[in-house]
Number of protein chains: 2
Amino acid sequence: MFKTAVEMEKAAMILKLLGDKTRLTMVKILDSHDCCVCEFVEIFKMSQPAISQHLRKLKDVGLVKEERRGQWIFYSVNKNNAYYSFVAEILKQLPDQDEKLKVLEENGTRMTCC
Amino acid sequence: MFKTAVEMEKAAMILKLLGDKTRLTMVKILDSHDCCVCEFVEIFKMSQPAISQHLRKLKDVGLVKEERRGQWIFYSVNKNNAYYSFVAEILKQLPDQDEKLKVLEENGTRMTCC
DNA sequence: TGTATATATAAGCAAATAATTATATAATGA
DNA sequence: TCATTATATAATTATTTGCTTATATATACA
């Protein structure tokens, strides 16, 4: 089933990170689509620094990784992370967030930026 | 697979609750054994009010329930809770905590109290 | 080379969290 | 009925968190 159980300390740390609605939704979205910061700014109607700070926390524990593409920095889930399978089991149980991206495409925000 | 996905808001709330090492371990233990407050005080080497407050939070969202047995109040996981299957998937991936209870039995603390 | 755009980072602050200490409640047993 | 034990609750405090505003950096493009 699972190679090895996640340590309690690490598990609690991951859960605390995911225990924020914004970050949880980010990870759920990133699990199926790469996104850049400006898309999240649109989706969550939050300031750019607030978004960047959430992404920083996710990056610091290795849950997401970043990749610059020209002017933009794209984030994606780091599926090689030791805790990815732990996280994936949680994400599985969450509702699809694709309609959030669809809204961006409809109002053109997705195209403009990325 | 799952009847219905857990709402993002609710999921984040549950994850935040479990994102504390003490509470996460409590729930993992309670998932297989009922326990009373004084046992947790021993296990975690924490003050009784601190333990009671953690249990209160878990009870407030319905993850655990309490049952008085004479002088003691026993806590157990509320498997009827709407979010139990969500939580159970997480607990599955955590290492067994039985040795923590074993320590209590060895030093007699488990018997004395409960 | 200068300006605009995307992003990160730092500093400051208000709200939330998790502990402590002190006190209240409830059951047990002499 | 009184002392003891188990637990809850309230008040206080220190720490952490998540935002804001201000500023820095890095790329693109005219």
Side-chain angles (χ1 to χ4, degrees), chain A residues 8-9 12-27 30 34-76 104 108-114, chain B residues 8-9 12-27 30 34-76 104 108-114:
Chain A
M8 298 301 285
E9 186 110 28
M13 185 211 286
I14 301 284
L15 295 173
K16 179 178 289 181
L17 256 185
L18 298 180
D20 174 280
K21 195 188 175 188
T22 303
R23 284 192 299 265
L24 183 63
T25 308
M26 279 178 167
V27 175
L30 290 175
D34 295 6
C35 280
C36 64
V37 175
C38 57
E39 287 179 304
F40 284 134
V41 169
E42 264 302 307
I43 290 173
F44 295 110
K45 307 292 181 203
M46 282 175 64
S47 74
Q48 173 266 313
I51 295 296
S52 283
Q53 283 159 17
H54 281 304
L55 287 167
R56 178 71 141 80
K57 290 181 185 182
L58 294 172
K59 202 186 63 175
D60 280 350
V61 302
L63 281 190
V64 308
K65 57 187 178 184
E66 59 178 30
E67 179 203 342
R68 182 176 279 276
R69 296 187 205 157
Q71 207 168 354
W72 299 279
I73 295 179
F74 277 76
Y75 283 84
S76 57
L104 293 195
T109 329
R110 186 146 217 236
M111 322 308 287
T112 307
C113 154
C114 319
Chain B
M8 297 302 285
E9 186 111 29
M13 185 211 286
I14 301 284
L15 294 173
K16 180 178 287 183
L17 256 185
L18 298 180
D20 174 281
K21 195 188 173 187
T22 303
R23 284 192 299 264
L24 184 63
T25 309
M26 278 177 166
V27 175
L30 290 175
D34 295 6
C35 279
C36 65
V37 175
C38 58
E39 287 178 305
F40 284 134
V41 169
E42 264 303 307
I43 289 174
F44 295 110
K45 307 292 181 203
M46 282 174 65
S47 74
Q48 173 266 314
I51 295 294
S52 282
Q53 283 159 17
H54 281 304
L55 287 167
R56 178 71 140 82
K57 290 182 183 182
L58 294 171
K59 200 186 64 177
D60 281 350
V61 301
L63 282 190
V64 307
K65 57 188 178 182
E66 60 179 29
E67 179 202 342
R68 181 174 279 276
R69 297 187 205 157
Q71 207 167 354
W72 300 279
I73 295 178
F74 276 76
Y75 283 85
S76 57
L104 293 195
T109 329
R110 186 145 216 235
M111 322 307 287
T112 308
C113 153
C114 319

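In what follows, chains are A, B, ... by sequence order, proteins preceding strands, each numbered from 1.
Here the P atom of nucleotide D:dA6 and the CG atom of B:Leu55 are 16 Å apart, to the nearest Å. Taking atom CD of residue A:Glu67 and atom P of nucleotide D:dT27, one finds them 14 Å apart after rounding to whole Å. The CZ atom of B:Phe74 sits 11 Å away from the C1' atom of D:dA6 (whole-angstrom rounding). Straight-line distance from the CD atom of B:Glu66 to the P atom of C:dA26: 13 Å, rounded to whole Å. One interatomic measurement links the two molecules: CG of B:Leu58 to P of D:dT7, which rounds to 16 Å at whole-angstrom precision. If you take CG of B:Asp34 and C1' of D:dT7, they are 17 Å apart, rounded to a whole angstrom. Rounded to whole angstrom, the span from the CE atom of A:Met46 across to the C1' atom of C:dT7 amounts to 15 Å. One atom, CG of A:Asp60, and another, C1' of D:dT16, lie 16 Å apart when rounded to the nearest Å.
OP1 or OP2 of D:dT9 has at least one side-chain nitrogen or oxygen of B:Arg56 nearer than 4.0 Å. Phosphate proximity of C:dA18 to B:Lys57: present, with a side-chain N or O under 4.0 Å from OP1 or OP2. Taking only side-chain nitrogens and oxygens, B:Tyr75 comes nearer than 4.0 Å to OP1 or OP2 of D:dA8. Taking 4.0 angstrom as the limit, B:His54 places none of its side-chain polar atoms (N or O) nearer than this to OP1 or OP2 of C:dT17.
For B:Glu66, the side-chain contact (heavy atoms from CB on, under 4.5 Å) partners two or more places apart in sequence, or in a different chain, are B:Lys59, B:Ile73, B:Tyr75. Under the rule for a side-chain contact (heavy atoms from CB on, under 4.5 Å), the partners of A:Met46 that lie at least two apart in sequence or sit in another chain are A:Thr22, A:Phe44, A:Ala50, A:Ile51, A:His54.
Taking only distance into account, the side chain of A:Gln71 meets the base of C:dT5 through a donor-acceptor pair shorter than 3.5 Å. Residue side chain B:Gln53 reaches the base of C:dT20 through a donor-acceptor N/O pair under 3.5 Å, judged by distance alone. In the interface, the side chain of B:Gln48 is paired with the base of D:dA8 through a donor and an acceptor atom under 3.5 Å apart.
Among all heavy-atom pairs drawn from B:Asp34 and B:Glu39, the shortest one is O-OE1, 4.3 Å.
Residue-environment remark: CD (B:Glu67) exceeds the threshold of 12 foreign heavy atoms within 6.0 Å.
A:Arg23 comes within 4.0 angstrom of the backbone, heavy atoms only, and of no base.
Closest to the side chain of B:Lys16, out of D:dA8, C:dA6, C:dT17, is C:dT17. Nearest nucleotide to the B:Ser47 side chain, out of D:dC19, C:dT21, D:dT7: C:dT21. Comparing atom distances between the B:Cys38 side chain and each of C:dA6, D:dT7, C:dT20 picks out D:dT7 as nearest.
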Quiz item: After noting the C-alpha distance and the side-chain angles of B:Val64 and B:Ser76, does the key distance pass the side-chain contact (heavy atoms from CB on, under 4.5 Å) rule?
Solution: CA-CA 5 Å; B:Val64 307; B:Ser76 57; over 6 Å; no
